[in-house]
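Letters A, B, ... are given to chains in the order of the sequence lines, protein chains preceding strands, and every chain is numbered from 1. As the structure is a computational prediction, the values presented were derived from the model and not from experiment.
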Amino acid sequence: MSEERSLNFLEEIIEGDVREGKHDGRVLTRFPPEPNGFLHIGHAKSICLNFGIAQQYNGKTNLRFDDTNPVTEDTRYVDSIKEDIKWLGFDWDQELYSSDYFDQMYAFAMQLIQKGKAYVDDSTAEEIAASKGTPTEPGIPTPFRSRSVEENIRLFEEMKAGKYADGAKVLRAKIDLASPNMHMRDPLMYRIRHAHHHRTGDEWCIYPMYDFAHGQSDSIERITHSICTLEFIPHRPLYDWFIDELEIFPSKQYEFARLNMNYTVMSKRKLLQLVNERFVTGWDDPRMPTISGYRRRGYTPGSIRNFCERIGIAKRENIIEYSLLEFCIREDLNKSAWRRMAVLDPIKLVITNYPAGKEEVLVGENNPEVEGGEGARNIPFSREIWIEREDFMEEPPKKFFRLGVGLMVRLKHAYIVKCENFVKDENGRVTEVHCSYIPESRSGSDTSGINVKGTIHWVSVLHAKTAEIRLYDRLFQVEDPSSEDGDFKEYINPDSLTIIRNAFIEPDLATAIPGKGYQFIRKGYFTLDIDSNENSLVFNRTVTLKDAWAKESKKG
RNA sequence: UGCCCGAUAGUAUAAUGGUAGUACGACUGUUUUUGGUGCAGUUUGUCUAGGUUCGAAUCCUGGUCGGGCAACCA
């Protein structure tokens with residue numbers, strides 16, 4: 001373990017705290033999602049950070065659902081969040097809910113009222129907003145700011161008891177209406193919401209706001225390092241204020257820059273729109289930047305953890321290039337995916353000198369990246385095979401190492417063939433390619449002495465199975481849809497999904513294993529989709545292979 | 001025009017007053033029964049103007065640029 005890895009700024013802080021014996025060297029972080037949507041790759045960054053950094057310093061991490069807004073939250077989301085975290089490979093110490101602390105928070109609020117540090121305000125939302133002033137002008141007190149402690153206690157009790165309608169009253173902290181930090185201008189602590197909560201049911205009709213719930217939950221759990229994203233920086237003085245006034249365990253908040261990635265959007269609000277307005281089939285659509293979307297698409301947990309490791313942690317705003325994520329999944333799948341052959345856009349190749357009716361069984365290793373190949377599978381071969389249409393050209397350009405009249409290629413795991421001729425239909429479309437094969441060139445026992453530049457994949461016509469193949473491309477046409485003019489949805493890529501109904505696959509793929517990655521040789525990495533059943537197979541393309549020829553041929 | 005945060009190759013991220021490095025991308029070459037992989041190499045950078053110092057990406061001051069903050073959301 002001589003590997004020298006430089007520390008990010010949070011690791012430096014925590015390492016410093018541990019070294020100085022702060023909290024007796026104890027490290028406890030938390031991952032605090034609101035259960036109002038599915039987790040996305042940005043959450044994965046936070047998960048890897050919170051769980052990873054705790055592991056590094058022999059600490060633990062709580063999973064805490066920040067469920068203080070009953071109208072947006074649902075147990076359905078709770079379940080998906082837990083599944084996603086487990087799938088990523090992390091275990092939480094305790095599964096907790098902010099709503100578990102509603103009694104305690106209520107008591108905290110009462111404490112502040114008794115100290116004269118909180119008051120019930122009957123103003124409307126608009127009145128409160130107006131009275132807060134602007135960043136350059138101080139706010140002015142509402143008439144309710146000077147209520148007595150006794151009256152505040154009575155009113156807050158009545159709020160809890162359900163005596164008032166939604167919006168009739170709020171509880172506010174009494175801090176500083178002239179603060180240059182807008183968050184300190186008497187922020188709301190509680191609002192009235194006669195709504196059913198997914199855990200507490202109808203027990204409560206007042207709910208704490210984020211600012212009054214989060215830090216208090218951290219403190220109750222004795223969280224040592226409460227890590228959140230940059231936009232909460234202005235909240236930190238308030239976070240500290242509540243803890244100071246309540247004289248409770250001093251959790252500390254630290255902030256890092258959230259993940260942004262090009263050609264996608266990363267806000268739950270926008271992702272929810274894509275789902276609700278049917279631009280995608282659901283939260284787990286393989287085009288979505290959600291963890292469940294990547295899982296369905298064929299990404300592995302390791303590739304996502306590795307990605308999160310590589311992007312680093314800092315406070316600078318960033319937009320990560322999608323190509324880095326692609327690199328991470330290719331790196332992983334190259335080592336683990338089993339090789340198979342599938343023809344997506346078929347054209348028939350007839351081997352004119354191969355006896356009709358003859359069949360051979362060829363052998364192909366599963367994984368050339370591993371010694372021994374992780375075993376092998378049988379591949380039937382016969383006189384007629386499917387090849388990729390793009391692997392034949394009537395008038396091949398220079399450096400085209402595939403088929404054209406007079407050109408030779410190797411059929412992967414099989415023989416070298418030479419193109420003799422081709423057949424066109426009345427529309428001029430090529431329908432068949434005719435080749436002769438070289439019997440002594442069989443893979444593994446090639447005595448022909450011929451070297452060819454190209455090797456192509458194929459599937460025996462007689463033995464081919466069919467499958468639906470879904471090809472995914474980036475969801476948006478522009479790098480940063482949110483920063484463009486107009487609605488971000490105007491920039492959705494109309495070709496983000498291409499469905500191939502009847503691709504030909506080699507017979508072994510009929511028993512493809514769900515969750516396993518396969519490399520369709522020369523075409524990319526694929527995985528079985530959950531839409532598959534006994535009668536029909538559906539594969540998702542996880543990512544293409546790098547394609548040097550595509551670049552070369554573009555040059556003209 | 002208030003307060004806060006930030007600024008290092010195309011994109012990220014190191015260098016903690018002492019040689020500006022790494023990864024991805026791009027581009028070359030090489031290997032290859034995948035135009036994949038592997039291997040070797042090339043390319044491009046400290047926002048700006050001052051100051052402190054023997055020495056500044058790093059510390060200080062001013063500016064510029066980017067982002068956040070005035071939800072009964074989190």
Engineer: Could you check whether A:Glu73 pairs with A:Arg199 (Lys NZ or Arg NE/NH1/NH2 to Asp/Glu carboxylate O, under 4.0 Å)?
Structural biologist: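 Looking at A:Arg199 together with A:Glu73, the answer is no, because their closest N to O distance does not fall below 4.0 Å.
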Engineer: Ignoring the backbone of A:Lys551, work out which of B:A74, B:C27, B:G35 is nearest its side chain.
Structural biologist: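 Minimum distance to the A:Lys551 side chain belongs to B:C27.
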Engineer: Taking atom types as they are modelled, is there a donor-acceptor pair under 3.5 Å from the base of B:U34 to the side chain of A:Arg522?
Structural biologist: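 Answer is no: no donor-acceptor pair is held.
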Engineer: Check the geometry between A:Trp549 and B:G35 and answer yes if their rings are stacked (centres below 5.5 Å, planes below 30°), otherwise no.
Structural biologist: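 Yes.
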Engineer: Counting only side-chain nitrogens and oxygens, does A:Arg236 get under 4.0 Å of the OP1 or OP2 atom of B:C4?
Structural biologist: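 So the side chain of A:Arg236 is outside the cut-off, no N or O lying under 4.0 Å from OP1 or OP2 of B:C4.
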Engineer: How about A:Phe381 and A:Trp458: are their ring centroids closer than 6.0 Å?
Structural biologist: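 They qualify: ring centres under 6.0 Å apart.
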Engineer: A:Met209: what forms a side chain to side chain contact (heavy atoms under 4.5 Å, CB included) with it, not counting sequence neighbours?
Structural biologist: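 With neighbours one apart ignored, the set is A:Leu188, A:Arg191.
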Engineer: Report yes or no: is there a donor-acceptor pair, N or O only, under 3.5 Å between the side chain of A:Arg330 and the base of B:G36?
Structural biologist: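 Donor-acceptor pair under 3.5 Å: no.
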Engineer: Find the distance A:Phe307:CZ to B:A12:P and express it as a whole number of Å.
Structural biologist: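 To the nearest whole Å, that distance equals 11 Å.
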Engineer: So which nucleotide from B:C24, B:G2, B:G68 ends up closest to the side chain of A:Pro135?
Structural biologist: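 Closest nucleotide among those given: B:G2.
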Engineer: Between A:Phe156 and A:Tyr190, how do the two ring planes meet: parallel, tilted or perpendicular, split at 30° and 60°?
Structural biologist: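 Ring orientation of A:Phe156 relative to A:Tyr190: perpendicular.
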Engineer: Which one, B:G68, B:C72, B:G36, comes nearest to the side chain of A:Pro234?
Structural biologist: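 That would be B:G68.
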Engineer: Report all interatomic pairs (protein N or O, nucleotide N or O of nucleotides 58-67 of chain B) with separations under 3.5 Å.
Structural biologist:
| unit_1 | atom_1 | unit_2 | atom_2 | d |
| --- | --- | --- | --- | --- |
| B:G67 | O2' | A:Glu317 | OE2 | 2.8 |

Engineer: Check this for me: does the side-chain of A:Glu255 come within 3.5 Å of the base of B:G6 through a donor and an acceptor?
Structural biologist: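 Answer no: no donor N or O sits under 3.5 Å from an acceptor.
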Engineer: Nearest 0.5 Å, what's the CD1-CG distance between A:Ile416 and A:Leu411?
Structural biologist: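 Result: 9.5 Å between the selected atoms.
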Engineer: Hey, does A:Tyr322 reach any base, or is it just sugar-phosphate, or nothing, if we go heavy atoms under 4.0 Å?
Structural biologist: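 No contact at all - A:Tyr322 keeps every heavy atom at 4.0 Å or more from the nucleic acid.
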Engineer: Is there a donor and acceptor pair, one atom on the side chain of A:Arg339 and one on the base of B:U34, closer than 3.5 Å?
Structural biologist: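 Side chain to base: pair found, below 3.5 Å.
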Engineer: Take atom C1' in B:U48 and the same atom in B:U43, then report the distance between them in whole Å.
Structural biologist: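 The answer is 26 Å between these two C1' atoms.
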Engineer: Closest approach to the side chain of A:Glu34, judged atom by atom: which nucleotide of B:G35, B:A74, B:C69 is it?
Structural biologist: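 In terms of side-chain proximity for A:Glu34, the closest of B:G35, B:A74, B:C69 is B:A74.
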Engineer: If you compare all heavy atoms of A:Met408 against all heavy atoms of A:Ile438, which two are closest, and at what distance to 0.1 Å?
Structural biologist: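 That closest heavy-atom pairing would be CE-CD1, 3.2 Å.
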Engineer: In whole Å, measure the gap between the P atoms of B:A56 and B:G68 for me.
Structural biologist: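 About 35 Å, rounded to a whole number of Å.
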Engineer: Check if the side chain of A:Thr455 and the base of B:U34 share a donor-acceptor pair of N or O atoms closer than 3.5 Å.
Structural biologist: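 No, the side chain and the base share no sub-3.5 Å donor-acceptor pair.
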Engineer: Distance check: side-chain N/O of A:Arg193 vs OP1/OP2 of B:C73, anything under 4.0 Å?
Structural biologist: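 Affirmative; the distance criterion is met.
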Engineer: In the structure I gave you, are the side-chain heavy atoms of A:Lys523 and A:Glu388 within less than 4.5 Å of one another anywhere?
Structural biologist: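 Result yes, sub-4.5 Å side-chain heavy-atom pair found.
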Engineer: With a 4.0 Å limit, can you tell me whether A:Arg191 has a side-chain N or O closer than that to the phosphate oxygens OP1/OP2 of B:A74?
Structural biologist: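 The answer is yes; a side-chain N or O of A:Arg191 sits under 4.0 Å from OP1 or OP2.
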Engineer: For RNA chain B, what string of dots and brackets results from 5' to 3' when Watson-Crick and G-U pairs need both distances under 3.5 Å, crossing pairs get [ ], and pairs with another strand get |?
Structural biologist: .((((((..((((....[..)))).(((((.......)))))....(((((..]....))))))))))).....
Engineer: Any salt bridge between A:Glu506 and A:Lys412, counting N to O under 4.0 Å?
Structural biologist: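 So A:Glu506 does not pair with A:Lys412 through a salt bridge.
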